[in-house]
Amino acid sequence: MRYYPQAANFLRILRTLSTFTQRPCIPQHSLLSTRNSILLKSSMPTIPFLSSFFGSSSSSSSNKMPENYPVQKSADEWRAVLSPQQFRILREKGTEPAGTGKFDKHYPSAGVYTCAGCHAPLYKASHKFNSGCGWPAYFDSIPGAVTRHEDRAFGMTRTEIVCSNCGGHLGHVFKGEGFNTPTDERHCVNSVSLTFSEEDPAAKKE
């Protein structure tokens, strides 16, 4: 087996970054050759920073009924109403690749983003801002719409956010990143977890 020092150094740097970074970011291109890329991919399961983007935070989450949420469905019932991609992200806590979501660069002047699983209102258009992270970003949510949980998957401690109505996985929230927003928080949300309506059902209830 041949040894590639450049690949080894690159992997060592990635492992270091995965220990200290909290803000998700996916490289847009690789400097490795095709053969060295194979070595990198084979090592990804051991690098929590990289594997967290496309994996599931909990391999058994789809087999459990959500607790303490108004909308209760079994895994089979969710599969019947969600697309395979929606099920993977909302019910199995997956993540869509950065820059691929339809709401990443969506900046309406009014409207509301709702849960793709149960259609509960989650974020107003006025909550959204451009963070440049590759996923839709919101500095706040509609009061009571989002529930936070500690997520220790992949060797990191993060704050997961889920829909308070059905427990569907939305993404994670990050604090203190220095964005010029009222809360200095970034709700990093999967586009697949959301739908959008120009009407504001949350406002109608007020």
Side-chain angles (χ1 to χ4, degrees), residues 23-24 53 56-57 61-62 65-73 77-151 158-206:
R23 185 176 178 181
F53 293 117
S56 170
S57 296
S61 61
S62 63
M65 289 287 287
E67 299 178 0
N68 302 321
Y69 299 112
V71 174
Q72 295 278 325
K73 296 180 185 291
E77 289 173 327
W78 280 119
R79 286 191 179 94
V81 297
L82 299 176
S83 70
Q85 188 180 25
Q86 287 175 328
F87 183 84
R88 181 182 70 83
I89 292 177
L90 281 166
R91 309 317 309 177
E92 296 184 318
K93 304 183 186 297
T95 304
E96 67 194 9
T100 64
K102 65 179 179 179
F103 296 130
D104 177 27
K105 298 180 180 180
H106 183 245
Y107 299 103
S109 58
V112 65
Y113 295 88
T114 61
C115 175
C118 68
H119 309 294
L122 300 173
Y123 300 98
K124 293 184 178 182
S126 57
H127 293 145
K128 198 169 190 296
F129 71 102
N130 183 8
S131 70
C133 70
W135 290 272
Y138 306 84
F139 64 80
D140 204 353
S141 63
I142 294 171
V146 173
T147 298
R148 305 184 183 204
H149 298 294
E150 186 178 81
D151 178 7
R158 298 178 293 172
T159 301
E160 179 194 9
I161 45 178
V162 302
C163 171
S164 297
N165 192 49
C166 70
H169 175 74
L170 303 175
H172 293 84
V173 61
F174 301 90
K175 300 180 180 181
E177 295 180 316
F179 289 108
N180 185 24
T181 62
T183 62
D184 197 12
E185 287 190 345
R186 175 171 60 93
H187 290 230
C188 185
V189 183
N190 292 284
S191 289
V192 173
S193 300
L194 303 171
T195 57
F196 178 76
S197 173
E198 293 182 354
E199 298 182 353
D200 192 339
K204 290 181 179 181
K205 294 181 181 180
E206 296 176 356

For H106 and Y113, does a side-chain donor sit closer than 3.5 Å to a side-chain acceptor?
yes
Paired with E160, the side chain to side chain donor-acceptor pair (under 3.5 Å) test is passed by just one of H149, K93, R148, namely K93
Nearest 0.5 angstrom please: Y138 OH to L122 CG, how far?
8.5 Å
On a heavy-atom basis, which atom in N190 and which in L194 lie closest, and how many Å separate them?
O-CG, 3.7 Å
Which heavy atom of L82 sits nearest a heavy atom of A116, and at what distance?
CD2-O, 4.0 Å
Sub-4.5 Å side-chain heavy-atom contact between R186 and T181:
no
Would you give the length of the straight line joining atom NZ of K128 to atom NE2 of H187, rounded to the nearest 0.5 angstrom?
13.5 Å
Side-chain contact, heavy-atom cut-off 4.5 Å: C166 with R91?
yes
Rounded to the nearest 0.5 Å, how far does NE2 of H127 lie from CD1 of I142?
6.5 Å
Roughly how far, to the nearest 0.5 Å, is the SG atom of C118 from the NZ atom of K73?
9.5 Å
Report the residue from I161, V146, T183 that forms a side-chain contact (heavy atoms from CB on, under 4.5 Å) with V173.
I161
What residue among V189, V192, D104 forms side-chain contact (heavy atoms from CB on, under 4.5 Å) with E96?
V192
Are the side chains of H169 and R88 in contact, using a 4.5 Å heavy-atom criterion?
no
Heavy-atom side-chain contact between L170 and Y123 under 4.5 Å
yes
When the ring planes of H172 and F174 are compared, do they come out parallel, tilted or perpendicular, using 30° and 60° as the limits?
tilted
Minimum heavy-atom distance T195-C115, with the two atoms named:
OG1-O, 4.2 Å
Centroid separation under 6.0 Å, is that true for the rings of F139 and F179?
no
One should read off an interatomic distance between F87 CZ and R79 CZ, to the nearest 0.5 angstrom, of 3.5 Å
Between E198 and P108, is there a side-chain heavy-atom distance shorter than 4.5 Å?
no
L90 side, atom CG; C163 side, atom SG - distance, nearest 0.5 Å:
8.5 Å
Considering non-hydrogen atoms only, spot the tightest contact between P121 and V112 and give its length.
CB-CG2, 4.0 Å
Between E185 and D140, is there a side-chain heavy-atom distance shorter than 4.5 Å?
no
